[in-house]
Each structure stands twice: as C-alpha cells, then as structure tokens.
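A short write-up of the structure that comes next.
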Amino acid sequence: MDITVDQMYQIENNGHAMGFLKKFMMENAGAAAVKRLVEKLGNVESKKILIYVGMGNNGGDGLVMARHLAGYGANVTVHLLGTPDKIKTEESSWNWSILEKMPSVKLLTGGKFDYDFTPDVIVDGILGTGISGDIREPYVSAINFINNAKCFKFSVDVPSGLDPQTGETANIYVKSDMTVTFHKMKQGIPKRKDLTGELYAEKIGIPPEAEEGVL
Ligand SMILES: NC(=O)C1=CN([C@@H]2O[C@H](COP(=O)(O)OP(=O)(O)OC[C@H]3O[C@@H](n4cnc5c(N)ncnc54)[C@H](O)[C@@H]3O)[C@@H](O)[C@H]2O)[C@H](O)CC1
Ligand SMILES: [K+]
C-alpha cells in the first residue's frame with residue numbers, strides 16, 4: 001500500500017519516540033541507497049561521484065551515502081548547497097561533522113558549480129518530502145547541473161522538484177536514472193516513473209509498531 005507523505009512523517013515520529021532515533025533511520029536510508037547503487041553499477045571503486053546535499057534530511061541521507069561510498073573506494077565529492085551552520089537538523093549536522101574528519105571525501109559548500117572533474121555519477125540529495133513551492137537558488141542551479149550532465153543520476157527518496165504526495169512538478173525538477181524511497185512508497189512518486197527511473201522502496205528499520213494508529 002502506498003502511503004501519504006503526512007503518514008510517513010507520523011510513522012517516522014512514532015519510531016523516533018519509541019527510541020529508534022531519526023539518525024538510525026537516516027543511517028539505514030543512506031546504506032540502503034548505496035546498496036542499490038552499487039548493485040546497479042557494479043564496482044564503484046575510483047568512480048567520481050558528486051553528491052548534492054540540501055539543508056534538510058534528504059541531504060542528510062546524501063551525507064550518509066558519501067561515507068558509505070568512500071568505504072567502497074569511490075572518489076566522492078559532496079557539494080552542500082549552503083553553509084554547514086545552516087544545516088537544519090541535528091542528525092544531518094552530525095553526519096556532516098563525521099565527513100569533516102574524512103579527508104577521503106572532498107567537501108564543497110556554496111553556490112559555485114564549476115568542478116575540476118567530470119562526475120561518473122551524481123546523487124541528488126537536494127529535496128525530499130519537505131519540498132514546498134517553487135524551487136529556489138542554489139537548488140535551481142544544482143538541478144540544472146544534474147539535468148545537463150551526461151552521467152548516471154540517482155535520486156534519494158524522490159527526484160528533487162517532484163512532489164512525492166501529488167506527483168506534480170515544481171518550476172524545475174531532476175530527471176533520474178534510479179530512485180530509492182524509504183520505508184514505503186509515497187503516493188505521488190510512481191506517477192512519474194519518467195523522472196524516477198528505476199524505482200525502489202527500501203525498509204530502513206522502522207518498527208512496524210510505529211505504523212499503529214497511522215495506517
Ligand atoms: N521517511 C523516513 O522515515 C526518513 C526520511 N528521511 C529523509 O528525510 C527527508 C525529509 O527531510 P526534511 O528535512 O523533512 O525535508 P527535505 O530534506 O525534503 O527539505 C527540507 C528543507 O528544504 C527547504 N525547501 C523546501 N522547499 C524548498 C524549495 N522549493 N526550494 C528551496 N528550498 C526548499 C526547506 O527549508 C526545508 O526545511 C526525506 O525525503 C528522506 O530523504 C530521513 O533520513 C529519516 C528517515
Ligand atoms: K532528492
């Protein structure tokens with residue numbers, strides 16, 4: 001059964017209240033996403049992977065992916081679309097601070113979109129279920145960069161710019177090759193398989209009891 005975005009937030013909050021903290025959900029989300037990506041691409045060792053990270057928890061999932069992909073020997077660059085002090089959540093900030101201790105991952109911040117490498121893979125961790133209204137800068141430029149790039153594109157939870165509840169698109173949106181959403185499928189996402197590419201829903205360890213009273 002596909003669920004609403006509102007139900008997803010309620011389930012997530014219930015799980016957190018049970019002690020299965022959001023940082024654990026985020027860890028499992030990032031790990032599940034990397035598992036799918038590595039299964040698809042085969043060996044990612046030395047592959048140049050650019051990860052766009054927004055300021056919410058969709059970005060946090062991207063930060064977890066960066067750490068896991070570095071573990072597979074990929075050449076990872078994280079581009080945070082803002083400054084670290086403006087990261088919105090504790091769990092995402094916590095993941096950023098781990099990456100700050102990892103010279104194996106290159107960290108970029110701010111609104112410049114010229115790179116000294118051509119990525120083999122781009123991960124879209126810009127916006128997820130928290131999207132509202134028209135997409136603003138610097139997210140617009142990041143989405144343009146993704147759509148103009150000739151490489152494999154992977155979206156975390158939902159292609160950024162696609163509303164996972166309604167299936168409607170914002171002023172600009174990512175067109176991906178693969179999308180991994182978490183816990184259960186959200187109602188709007190499968191309406192736009194032309195934007196998601198291959199689409200999967202992965203469990204992230206949330207206790208089924210967290211659904212009680214919600215589904
Ligand atoms: N489902 C789960 O159990 C889990 C999901 N996870 C991931 O978390 C995101 C949702 O995170 P949230 O912080 O609520 O929202 P976003 O990251 O999508 O966006 C937050 C942030 O973005 C800004 N914003 C909103 N709309 C726009 C816009 N049009 N232009 C520019 N900026 C915009 C706004 O400021 C918001 O605060 C979910 O998708 C999953 O990927 C967790 O990892 C835990 C498990
Ligand atoms: K996304």
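In each ligand, atom 1 is the first atom listed, and ligand 1 is the first ligand listed.
Between Tyr139 and ligand 1, not a single N/O pair is under 3.5 Å apart. Considering both main-chain and side-chain atoms, Ile206 never comes within under 3.5 Å of ligand 1 through any nitrogen or oxygen pair. For the pair Thr89 and ligand 1, the shortest N or O to N or O distance does not fall below 3.5 Å. For Ile126, no nitrogen or oxygen atom sits less than 3.5 Å from a nitrogen or oxygen atom of ligand 1, counting backbone and side chain alike.
Between Lys23 and Glu27 there is no salt bridge, since none of the side-chain N atoms of the basic residue sits less than 4.0 Å from a carboxylate O of the acidic one. We find that Lys184 and Glu202 are not joined by a salt bridge, their nearest charged nitrogen and carboxylate oxygen being 4.0 Å or further apart. Salt-bridge formation is detected for the pair Lys186/Asp157: a Lys NZ or Arg NE/NH1/NH2 atom is positioned less than 4.0 Å from an Asp or Glu carboxylate oxygen.
With a 4.0 Å cut-off on non-hydrogen atoms, Asp157 touches ligand 1 through its side chain and not its backbone. Using a 4.0 Å cut-off between heavy atoms, Glu12 contacts ligand 1 through its side chain alone, with no backbone atom that close. Contacts with ligand 1 closer than 4.0 Å are made by heavy atoms of both the backbone and the side chain of Thr129.
Distance from atom 25 (C) of ligand 1 to its nearest protein heavy atom, with residue and atom name: Gly130 O, 3.4 Å. Looking at atom 11 (O) of ligand 1, its nearest protein heavy atom turns out to be Asn57 CB, 3.3 Å. Protein heavy atom closest to atom 14 (O) of ligand 1, with residue, atom name and distance, is Tyr9 OH, 2.7 Å. Atom 24 (N) of ligand 1 has Leu127 CD2, 3.5 Å as its closest protein atom, hydrogens excluded (heavy atom only).
When the heavy-atom distances from atom 35 (O) of ligand 1 to Met26, Met55, Lys88 are ranked, the shortest goes to Lys88. For the residues Lys186, Arg136, Lys23, the heavy atom positioned nearest atom 30 (N) of ligand 1 is part of Arg136.
Metal site remark for the K ion (ligand 2): Asn58 contributes an N, O or S atom at a distance under 3.4 Å. Inclusion of Gly128 in the first shell of the K ion (ligand 2) is not supported: no N, O or S atom falls under 3.4 Å. Taking backbone and side-chain atoms together, Asp124 has an N/O/S atom less than 3.4 Å away from the K ion (ligand 2). Residue contact annotation: Ser160 places an N/O/S atom under 3.4 Å from the K ion (ligand 2). With 3.4 Å as the limit, Pro159 does not count as an N, O or S neighbour of the K ion (ligand 2).
Proximity of a side-chain donor or acceptor of Glu137 to a complementary backbone N or O of Ser141 within less than 3.5 Å is detected. Not a single donor-acceptor pair under 3.5 Å links the side chain of Lys153 to the backbone N or O of Asp124. Remark: the backbone N or O of Ile11 is not paired with any side-chain donor or acceptor of His16 at under 3.5 angstrom. A donor-acceptor pair is defined here as one N or O able to donate and one able to accept, closer than 3.5 Å; such a pair exists between the side chain of Thr4 and the backbone of Gln7. Side-chain N or O atoms of Lys191 include none that pairs as donor or acceptor with a backbone N or O of Gln187 at under 3.5 Å. The main-chain N or O of Lys175 is found under 3.5 Å from a side-chain atom of Asn147 such that the two form a donor-acceptor pair. Remark: the backbone N or O of Gly54 is not paired with any side-chain donor or acceptor of Asn58 at under 3.5 angstrom.
In summary, the atoms of ligand 1 found under 4.0 Å from a heavy atom of Gly56, numbered by their order in the structure, are 13 (O), 17 (O), 20 (C). For ligand 1, the atoms sitting less than 4.0 Å from at least one non-hydrogen atom of Asp61 are 6 (N), 7 (C), 40 (C), 41 (O), 42 (C), 43 (O), numbered in the order shown with element in parentheses. Within ligand 1, counting atoms from 1 as listed, the ones closer than 4.0 Å to a heavy atom of Met8 are 1 (N), 2 (C), 3 (O). Ligand 1 places these atoms under 4.0 Å from at least one heavy atom of Met25: 44 (C), 45 (C). The contact set between ligand 1 and Gly128, taken as ligand atoms under 4.0 Å from a residue heavy atom, comprises 16 (P), 18 (O), 39 (O). The Gly133 neighbourhood of ligand 1 comprises atoms 29 (N), with distances under 4.0 Å to a heavy atom of that residue. In the vicinity of Asn58, heavy-atom distances shorter than 4.0 Å reach the ligand 1 atoms 8 (O), 9 (C), 11 (O), 17 (O), 39 (O), 41 (O). Per-residue contacts place Asp134 under 4.0 angstrom from the following atoms of ligand 1 (heavy atoms of the residue considered): 28 (C), 29 (N), 30 (N).
The closest approach between a heavy atom of Gly54 and any atom of ligand 1 is not below 4.0 Å. For the pair Ser132 and ligand 1, a heavy-atom separation below 4.0 Å is found.
Partner of Asn57 under the side chain to side chain donor-acceptor pair (under 3.5 Å) criterion, out of Thr129, Thr89, Asn95: Thr89 alone.
Judged purely by distance below 3.5 Å, without hydrogens or angles, the side chains of Ser155 and Ser176 pair a donor atom with an acceptor atom.
Taking the ring centroids of Tyr52 and Tyr139, they lie at or beyond the 6.0 Å cut-off.
Ring geometry, Phe113 versus Tyr115: the interplanar angle exceeds 60°, so the pair is classed perpendicular (tilted spans 30 to 60°).
Annotation: angle subtended at the K ion (ligand 2) by Val158 O and Val156 O is 70°, to 10°.
Scanning both residues, Thr179 and Thr196, for their nearest heavy atoms gives OG1-O, 2.8 Å.
Taking hydrophobic clusters as Ile, Leu, Val, Met, Phe, Trp and Tyr residues chained together by side-chain heavy-atom distances below 4.5 Å, Leu127 shares a cluster with Met178.
Surrounding NZ of Lys40 are at most 12 heavy atoms belonging to other residues, nucleotides or ligands under 6.0 Å away.
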